[in-house]
Amino acid sequence: MPTYEYRGLILNIPEFDQEHAGYFEYARRHQLAVKRCLDCGLLRWEPGPSCPFCTSLRWEWTPVSGRGEIYSYQIVYHTVLPGFRDWVPYPIVLVELDEQRGVPTPGYGLRITANLVDEHFRPEREERVAIGARVEAVFMDLPNGLTLPQFTLSGEPPRTPLWRHKE
Amino acid sequence: MAHPLRDKYCIVGVGETEYSQRSGRTTRAMAVEAVKKAMDDAGLTPQEVDGLLSYHMGDSTPSTAVASDLGIRPNFFMDVSGGGSSTEALIGLAMGAIEVGMCHTVAIYRSMNGYTQVRIGGTGARASTPVSGSELLTRPYGLMSPLQRFAFAFTRHMMEYGTTSEQLAMVKVVHSRHASANPKAFKKEPVTVEDVLNSRWIVKPVAHLLDCCLETDNATCIIVTSAERARHLRQRPIYIMAVQGRGSRTFPDNPWAEAPITRIGGHYIAPRIFQMAGVGPEDIDITGCYDAFTFTVVLQFEAYGFCKVGEGGYYVSSGIIQLGGKRPNNTSGGHLCEGYTHGMNMVIENVRQLRGQADDYCPGWREGRHTYQYGPGGCRQVRDPEIAMNMGWGTPGYGSALILRR
Ligand SMILES: [Zn+2]
């Protein structure tokens with residue numbers, strides 16, 4: 001996977017970047033993938049070269065459901081990236097995946113960052129963004145061959161009361 | 001029992017250039033001026049300074065240039081990569097370099113054209129660099145600036161503890177009042193809670209424009225030497241009781257991996273620094289709490305035990321942190337109002353406060369004569385502070401801390 005342009009950014013994803021290349025390879029097949037330790041079996045995020053729980057260097061990419069809930073969020077009104085100016089205000093969400101919540105420590109979770117988008121891959125409206133909202137991964141295929149994982153509201157009932165900032 | 005190195009080293013000189021958004025000169029020229037002013041402040045000649053430390057984010061001038069320009073021949077120098085929370089950590093590194101005999105007197109500087117050359121906010125040059133490595137997981141989502149990197153932690157804080165934008169605004173209100181008595185401050189106009197809330201959103205719900213620090217051009221310098229040498233120099237020695245940094249939380253580079261994500265590096269630093277100093281938060285008279293954003297102040301006061309976790313919003317809006325209050329914070333106006341220099345200016349301010357030399361509008365400040373009439377164009381000297389603490393913010397993942405006494 002070489003170099004891609006997206007919203008004025010130059011993304012370099014060389015083959016040797018084994019921390020990230022696999023993530024985008026799975027995304028091209030419309031699957032969200034995380035790393036799994038081949039020794040202790042635990043999943044991890046971010047996808048580093050070693051298992052932070054047992055230090056094993058043996059790993060594989062493994063697809064996950066892509067389902068989870070918004071753990072935290074931010075609505076960007078002022079972007080420092082010129083290519084995103086036509087997107088403001090846009091939400092960035094921290095999604096806690098359903099897999100391996102609270103394992104191996106009570107606080108651990110697979111928490112992934114992406115935008116919350118609507119069915120047209122436009123930024124979701126601010127009033128629909130809330131902590132606790134259920135989401136699922138969707139895959140934004142760019143004309144240049146890169147696929148960017150994103151999240152969208154799944155419509156499932158939330159497990160906990162929703163929270164959003166009140167003005 | 002207090003640490004064996006407690007009170008063994010001192011800060012003996014401080015200096016800085018003007019805080020502006022148009023320095024019109026190089027980081028080299030500014031660094032040299034700041035180091036020269038700190039040497040003059042201490043009463044040191046270049047021949048008496050034999051160590052240089054600086055920190056940078058690829059945006060500064062190395063120690064070797066500054067040494068050459070000032071006629072300093074270092075026995076030790078190093079230019080460390082880093083931004084916020086480097087200040088306190090480098091003071092500790094300077095002590096270590098002296099302790100092992102590599103040198104005896106270290107000038108630490110930070111020089112940056114943080115507005116006209118490399119903006120810390122990520123705009124301009126930084127934003128156009130190619131994206132690779134772990135940034136592939138953030139920048140394609142429009143997430144790049146420090147504020148955006150820190151925001152998830154504080155949105156969660158607002159949810160979990162009910163902290164409000166009004167409480168955050170009070171940090172800016174208080175610091176702006178402090179800056180109004182600081183002739184050096186880049187922004188001297190006092191602001192109100194309404195001013196903050198009516199300024200435009202940058203990242204909702206954590207920061208309006210006025211919740212964000214300034215971006216400025218400036219250089220700053222702090223000189224560290226042994227207490228033994230300090231006693232023969234120009235200024236009243238300011239003793240380093242304890243230093244820690246850069247201490248981290250779990251998963252420092254991915255601080256969202258393990259909840260509570262409102263828990264910052266300071267949570268782990270706090271017991272270490274207070275044990276080293278042999279004092280507790282209740283013994284601290286003034287604080288310098290890194291205000292990259294108003295919420296970084298709240299998170300750090302909680303982490304270091306100045307209030308309970310979840311009560312930081314109350315702490316900053318209760319009057320405690322303002323001049324005349326129980327424990328004034330950032331009496332210079334800090335990063336929100338004086339200028340942005342990655343924590344150096346807050347240590348410099350605390351040194352001057354402990355000396356009784358706050359450079360305010362009192363006609364006799366040079367001789368330590370103050371009116372203690374706080375307000376715009378007035379005094380900003382705290383009455384006889386004995387112990388000061390600095391809390392240096394790097395990210396939610398890590399930070400540093402420093403406790404000084406007179
Ligand atoms: Zn493992």
Side-chain angles (χ1 to χ4, degrees), chain A residues 3-4 6-14 17 19-21 23-24 44-48 52 71-84 87-94 96 102 105-115 123 126 131-132 146 148 150 163-167, chain B residues 119-124 126-160 162-165 197 200-209 212 250-251 253-263:
Chain A
T3 290
Y4 303 90
Y6 172 62
R7 292 192 169 268
L9 302 173
I10 305 298
L11 312 182
N12 288 329
I13 317 174
D17 180 1
E19 283 78 74
H20 304 95
Y23 181 66
F24 291 101
R44 64 176 178 264
W45 192 261
E46 296 182 358
Y71 191 80
S72 191
Y73 73 85
Q74 56 183 294
I75 314 289
V76 178
Y77 273 69
H78 175 86
T79 182
V80 299
L81 297 166
F84 280 80
W87 249 34
V88 295
Y90 60 89
I92 310 175
V93 287
L94 182 65
E96 182 177 85
T105 68
Y108 195 77
L110 302 169
R111 301 196 181 100
I112 292 187
T113 297
N115 300 119
E126 184 183 324
I131 290 178
L146 182 72
L148 208 55
Q150 296 281 24
W163 181 90
R164 60 170 66 84
H165 176 251
K166 289 185 207 68
E167 281 190 73
Chain B
R119 291 183 64 172
I120 290 300
T123 33
R126 279 194 218 279
S128 58
T129 54
V131 186
S132 63
S134 58
E135 264 212 295
L136 289 166
L137 305 175
T138 51
R139 220 183 327 160
Y141 300 109
L143 194 168
M144 181 186 181
S145 71
L147 174 56
Q148 293 164 354
R149 291 183 177 281
F150 306 164
F152 290 138
F154 206 76
T155 302
R156 248 342 254 204
H157 195 279
M158 296 175 102
M159 174 219 166
E160 291 177 12
T163 314
T164 66
S165 301
L197 299 183
R200 63 191 169 92
W201 280 111
I202 304 300
V203 170
K204 202 182 202 171
V206 299
H208 296 83
L209 177 65
C212 303
T250 56
F251 304 97
D253 211 26
N254 183 24
W256 313 312
E258 192 168 29
I261 67 168
T262 52
R263 177 175 289 173

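For clarity, every value in this text was computed on a predicted model and none was experimentally measured. Note on naming: letters A, B, ... go to the chains in the order of the sequence lines (proteins, then strands), and numbering restarts at 1 for each one.
Glu46(A) and Ser134(B) share no donor-acceptor pair across their side chains, judged by distance under 3.5 Å alone.
Ranked by non-hydrogen atom pairs under 4.5 Å with chain B, the options Tyr71(A), Trp45(A), Tyr73(A), Trp87(A) are led by Tyr71(A). Of the residues considered (Ile75(A), Leu11(A), Leu9(A)), Ile75(A) shows the highest number of contacts with chain B, using heavy-atom pairs under 4.5 Å. Of the listed residues Val203(B), Thr138(B), Leu147(B), Ile202(B), the one with more heavy-atom pairs under 4.5 angstrom with chain A than any other is Ile202(B). For the set Glu258(B), Met158(B), Arg156(B), the count of heavy-atom pairs under 4.5 angstrom toward chain A peaks at Arg156(B). In terms of heavy-atom pairs under 4.5 Å with chain A, the best-connected choice from Leu143(B), Leu137(B), Ile261(B) is Leu137(B). For the options Ala207(B), Gly142(B), Ala151(B), heavy-atom pairs under 4.5 Å to chain A are most numerous at Gly142(B).
Only the side chain of Phe84(A) comes within contact range of chain B, judged by heavy atoms closer than 4.5 Å. Looking at Tyr23(A), the atoms closer than 4.5 Å to chain B (heavy atoms on both sides) all sit in the side chain, from C-beta outward. Interface remark: Asp17(A) contributes side-chain atoms only to the contact with chain B (heavy atom separation under 4.5 Å). Contacts between Val206(B) and chain A at a heavy-atom distance below 4.5 Å are absent for every atom of the residue. Neither the backbone nor the side chain of Thr250(B) comes within contact range of chain A; no heavy atom of the residue lies under 4.5 Å from a heavy atom of that chain. Pro47(A) touches chain B through its side chain: at least one heavy atom from C-beta onward sits under 4.5 Å away, while N, CA, C and O do not. For Ile131(A), the part lying under 4.5 angstrom from a heavy atom of chain B is the side chain only. Interface residue Trp163(A): only side-chain heavy atoms are found under 4.5 Å from chain B. Residue Glu19(A) does not touch chain B at all, counting heavy-atom pairs closer than 4.5 Å. For Glu126(A), the part lying under 4.5 angstrom from a heavy atom of chain B is the side chain only. In this structure, chain B has no heavy atom under 4.5 Å from any part of Val88(A).
Atom CD of Gln74(A) sits about 11.5 Å away from atom CZ of Phe150(B), to the nearest 0.5 Å. With rounding to the nearest 0.5 Å, the separation of CZ in Arg139(B) from CD1 in Ile10(A) is 10.5 Å. Note: Thr164(B) OG1 to Lys166(A) NZ = 12.0 Å, rounded to the nearest 0.5 Å. The line from CZ of Arg200(B) to OH of Tyr77(A) is 12.5 Å long, rounded to the nearest 0.5 Å.
Contact detail for Pro140(B) and Asn115(A): the closest heavy-atom pair is O-OD1, 4.3 Å.
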Please lay out, stage by stage, how Tyr141(B) and Leu148(A) fare under the test side-chain contact (heavy atoms from CB on, under 4.5 Å).
-> CA-CA 9 Å; Tyr141(B) 300 109; Leu148(A) 208 55; 3.9 Å; yes

Evaluate the side-chain contact (heavy atoms from CB on, under 4.5 Å) criterion for residues Val131(B) and Tyr6(A): first the C-alpha distance (whole Å), next the side-chain angles of each, then the deciding distance (0.1 Å), finally the verdict.
-> CA-CA 10 Å; Val131(B) 186; Tyr6(A) 172 62; over 6 Å; no

Going through the distances and angles, do His165(A) and Ser165(B) end up as a side-chain contact (heavy atoms from CB on, under 4.5 Å)?
-> CA-CA 10 Å; His165(A) 176 251; Ser165(B) 301; 3.6 Å; yes

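His78(A) has its side chain out of reach of Trp201(B): every pair of non-hydrogen atoms, C-beta onward, lies at least 4.5 Å apart. Contact of the Val76(A) side chain with the Gln148(B) side chain is registered, since non-hydrogen atoms from C-beta on lie closer than 4.5 Å.
Classified by interplanar angle (parallel below 30°, tilted 30° to 60°, perpendicular above 60°), the ring pair Tyr108(A)/Phe251(B) is tilted.
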